[in-house]
J.: 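Input: one structure, supplied below.
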Protein chains: 2
Amino acid sequence: MLYGVHLEKSVIQKSGEIDVNKKKQQTEQTKKKIADAARALFAQKGYKATSIEDIVKATGCSAGNIYYHFKNKEGLFLYLLEEWNTEWDKRWLDKQTLYPTTIDKLYGMAEQLALDQLNHPLTKAADEFFNNSEKAPDVEERIHEMVKGYLDFNQQLLQGGIDNHEFETTNVTGLAIILDSLMLGLNQHSRRMERAEALETYRLAMDVFLHGIAKPTRTR
Amino acid sequence: MLYGVHLEKSVIQKSGEIDVNKKKQQTEQTKKKIADAARALFAQKGYKATSIEDIVKATGCSAGNIYYHFKNKEGLFLYLLEEWNTEWDKRWLDKQTLYPTTIDKLYGMAEQLALDQLNHPLTKAADEFFNNSEKAPDVEERIHEMVKGYLDFNQQLLQGGIDNHEFETTNVTGLAIILDSLMLGLNQHSRRMERAEALETYRLAMDVFLHGIAKPTRTR
DNA sequence: TATAATACTGAATAAAAGTTCAGTGTTATA
DNA sequence: TATAACACTGAACTTTTATTCAGTATTATA
């Protein structure tokens with residue numbers, strides 16, 4: 001039987017310029033195809049509610065093929081989480097330098113998260129995945145590290161702002177959680193927003209985080 | 001066969017004081033038992049990940065009995081959502097009067113949410129439930145109303161603060177979403193906290209929401 | 001060109017989960 | 001006390017889902 005997939009590409013390498021192994025190329029391609037579909041589905045429907053069959057339908061490739069490229073559903077999900085992490089780090093490293101102050105960095109982070117569509121590592125699916133009793137022993141640890149890593153990221157960012165004298169605050173750990181909570185909640189709401197609206201809301205959230213809404217007279 | 005349940009209670013009504021129908025009493029009791037177990041499980045594991053079998057194990061009553069009291073899993077979940085809503089409204093009505101200013105009300109709300117354990121109507125399970133394609137046509141509408149109701153609640157609260165001249169802000173709708181996002185995110189994080197830590201974090205979040213963290217000089 | 005390695009298919013398997021239902025006690029009604 | 005209505009059981013039924021595997025097509029290797 002003929003697979004339609006095999007007919008495309010592979011013509012590009014007229015001579016021997018970037019003549020990578022065709023099989024590796026193919027593997028990368030379908031692995032990406034599966035990952036992309038799965039990422040969207042997990043983010044939209046959650047972990048448990050996304051079936052292999054869903055991914056089969058979305059990709060057009062067979063169930064067996066998915067298990068050829070990934071150990072199992074859990075492995076696929078874990079792969080996506082770690083991919084997201086490294087991807088985020090990479091993009092952040094690029095952008096970070098553009099922002100002089102910590103405040104600018106925070107707005108930049110919010111923007112990146114808003115534009116990111118299916119975004120936060122602690123997305124609904126990840127949270128569900130984490131909280132779900134049946135956990136391979138090593139898996140839980142890996143996720144715990146991710147959560148911690150994300151909070152550490154926030155904390156360091158905020159600490160930078162304190163060192164810069166941009167903020168005045170003591171409880172940095174608490175604020176890291178607050179900031180993450182805000183982004184986490186916005187992520188859920190933003191799924192029902194247009195891109196522009198999401199951007200605006202994230203920006204407003206950062207306004208609030210930085211400046212609050214109460215008149216400066218009261219309470220404090 | 002004897003059901004152990006039937007042996008308890010029913011002795012209380014010595015004469016004919018509050019002699020309610022024994023069957024109604026029994027129905028209420030088991031319905032509550034099922035609801036309580038289901039609520040805890042849904043909140044902990046999520047909607048899809050909680051099976052009827054889980055509820056059977058937690059309650060000790062049979063699967064058939066659950067379907068005797070509730071139309072199906074979806075109906076059970078919906079029942080819990082609406083119960084949460086009315087329950088929240090009731091408690092809020094009691095407390096609300098104790099808080100003179102809107103700022104106090106906001107802190108009060110945060111406290112109530114922090115103490116509430118399994119709390120927010122837009123909890124992980126609800127969100128998962130909502131986003132999950134296969135939705136009975138009427139169900140989606142009912143949930144949509146709930147979400148809207150909750151945002152309206154926030155918005156009215158904030159509007160009160162503006163009318164009182166406690167806040168100065170324009171985008172009330174946006175702020176209602178921000179506030180909800182914050183509570184939503186905190187809800188997820190607070191699952192991994194002790195009661196005291198949760199309370200403190202919620203309070204800090206409200207500090208930030210009201211006053212921000214940046215020095216007043218910058219940006220604005 | 002022959003052989004091995006690789007990328008896949010698609011149906012089968014098995015476990016899990018939602019739902020139904022015939023039947024059994026228990027309580028209300030007449 | 002007899003009969004109807006009710007609360008409930010537990011196993012059977014159906015659907016869904018993750019996972020495996022024997023086999024096929026394609027590509028690399030010798």
Side-chain angles (χ1 to χ4, degrees), chain A residues 1-11 13 16 19-34 38 41-42 45-57 59-77 129 132-134 136, chain B residues 1-11 13 16 19-34 38 41-42 45-78 129 132-134 136:
Chain A
M1 190 177 275
L2 277 172
Y3 305 141
V5 188
H6 294 143
L7 301 176
E8 54 178 326
K9 296 271 177 159
S10 86
V11 195
Q13 33 136 338
D19 182 9
V20 258
N21 190 323
K22 203 173 182 182
K23 284 191 177 169
K24 258 183 186 165
Q25 204 173 290
Q26 179 65 4
T27 280
E28 271 176 41
Q29 187 178 313
T30 53
K31 201 168 177 182
K32 184 179 186 317
K33 188 166 65 177
I34 293 169
L41 285 165
F42 280 136
K45 308 182 59 172
Y47 177 73
K48 192 104 179 191
T50 298
S51 65
I52 302 294
E53 181 62 20
D54 287 336
I55 303 172
V56 166
K57 277 178 192 154
T59 55
C61 67
S62 69
N65 201 11
I66 294 171
Y67 280 86
Y68 178 75
H69 289 286
F70 299 93
K71 190 188 168 197
N72 51 26
K73 193 182 172 186
E74 189 174 281
L76 169 55
F77 189 73
F129 187 73
N132 225 37
S133 35
E134 315 108 15
Chain B
M1 190 180 275
L2 275 174
Y3 306 141
V5 188
H6 294 142
L7 300 178
E8 52 177 326
K9 296 270 176 161
S10 87
V11 195
Q13 32 135 339
D19 183 8
V20 260
N21 190 325
K22 203 174 182 182
K23 284 189 178 171
K24 259 183 186 165
Q25 204 173 291
Q26 180 65 4
T27 281
E28 271 176 41
Q29 186 178 313
T30 54
K31 201 169 178 182
K32 184 177 185 319
K33 187 167 65 176
I34 294 169
L41 286 165
F42 281 136
K45 308 183 60 171
Y47 177 73
K48 193 104 179 190
T50 299
S51 66
I52 301 296
E53 181 61 22
D54 287 336
I55 303 172
V56 166
K57 276 177 193 156
T59 55
C61 67
S62 68
N65 200 11
I66 294 171
Y67 280 86
Y68 178 77
H69 289 286
F70 299 94
K71 190 187 167 197
N72 50 26
K73 193 182 172 186
E74 190 174 282
L76 169 55
F77 188 73
L78 229 44
F129 187 72
N132 225 35
S133 35
E134 314 106 15

J.: For A/Asp54 and A/Lys71, find the nucleotide of DNA chain D closest to each by heavy atoms; which residue's nucleotide sits nearer the 5' end?
T.: A/Asp54

J.: In whole Å, what is the span from the CZ atom of B/Phe77 to the P atom of C/dA17?
T.: 17 Å

J.: Between B/Thr27 and D/dA7, is there a side-chain N or O to OP1/OP2 distance below 4.0 Å?
T.: yes

J.: Any side-chain N or O of B/Asn72 less than 4.0 Å from the OP1 or OP2 oxygen of C/dG18?
T.: no

J.: Could you state the CD-C1' distance from A/Glu74 to D/dT17, rounded to the nearest angstrom?
T.: 15 Å

J.: Which part of the nucleic acid, if any, lies within contact of A/Ser62, taking any heavy atom under 4.0 Å across all strands shown: a base, the sugar-phosphate backbone alone, or nothing?
T.: base

J.: OP1 or OP2 of C/dT27 less than 4.0 angstrom from a side-chain nitrogen or oxygen of B/Asn21, does that happen here?
T.: no

J.: To the nearest angstrom, how far is A/Leu41 atom CG from D/dT17 atom P?
T.: 12 Å

J.: Does the side chain of A/Asn65 come under 3.5 Å of the side chain of A/Ser62 through a donor N or O and an acceptor N or O?
T.: no

J.: For the pair made of OH in B/Tyr68 and C1' in C/dT27, what is the distance, rounded to whole Å?
T.: 12 Å

J.: Using atom NZ of B/Lys57 as one end and atom C1' of C/dA16 as the other, report the distance to the nearest whole Å.
T.: 11 Å

J.: Taking the minimum atom-to-atom distance to the side chain of B/Ile52, which one of D/dT17, C/dG18, D/dC8 wins?
T.: C/dG18

J.: May I ask you to verify if any side-chain N or O of A/Lys73 is less than 4.0 angstrom from the OP1 or OP2 atom of D/dA18?
T.: yes

J.: Rounded to whole Å, please give me the gap between CZ in A/Phe70 and C1' in C/dC8.
T.: 15 Å

J.: Check this one for me: any side-chain N or O of B/Lys48 less than 4.0 Å away from OP1 or OP2 of D/dT17?
T.: yes

J.: Quick check on D/dC8: is either OP1 or OP2 less than 4.0 Å from any side-chain nitrogen or oxygen of B/Gln26?
T.: yes

J.: Does B/Thr30 place a side-chain N or O at less than 4.0 Å from the phosphate oxygens OP1/OP2 of D/dC8?
T.: yes

J.: I would like to know whether A/Thr30 and A/Tyr68 meet side chain to side chain contact (heavy atoms under 4.5 Å, CB included); could you show each step before the answer?
T.: CA-CA 11 Å; A/Thr30 53; A/Tyr68 178 75; over 6 Å; no

J.: Can you identify which nucleotide, out of D/dT19, C/dA28, D/dA28, has its nearest atom closest to the B/Lys22 side chain?
T.: C/dA28

J.: Using side chain to side chain contact (heavy atoms under 4.5 Å, CB included), reason through A/Phe77 and A/Thr50 one step at a time and then give a plain yes or no.
T.: CA-CA 11 Å; A/Phe77 189 73; A/Thr50 298; over 6 Å; no

J.: Just to confirm, is there a sub-4.0 Å distance from OP1 or OP2 of C/dT20 to any side-chain nitrogen or oxygen of B/Tyr67?
T.: no

J.: Going by heavy atoms in the side chains, are B/Tyr47 and A/Lys48 under 4.5 Å from each other?
T.: no

J.: Would you mind telling me which of C/dT26, D/dT20, C/dC8 lies closest to the side-chain atoms of A/Asn65?
T.: C/dC8

J.: Determine, for A/Phe70 and A/Lys31, whether the Lys NZ or Arg CZ falls below 6.0 Å from the six-membered ring centre while staying within 45 degrees of the axis.
T.: yes

J.: Could you tell me the separation between the CD atom of A/Gln25 and the P atom of C/dC8, rounded to a whole number of Å?
T.: 12 Å

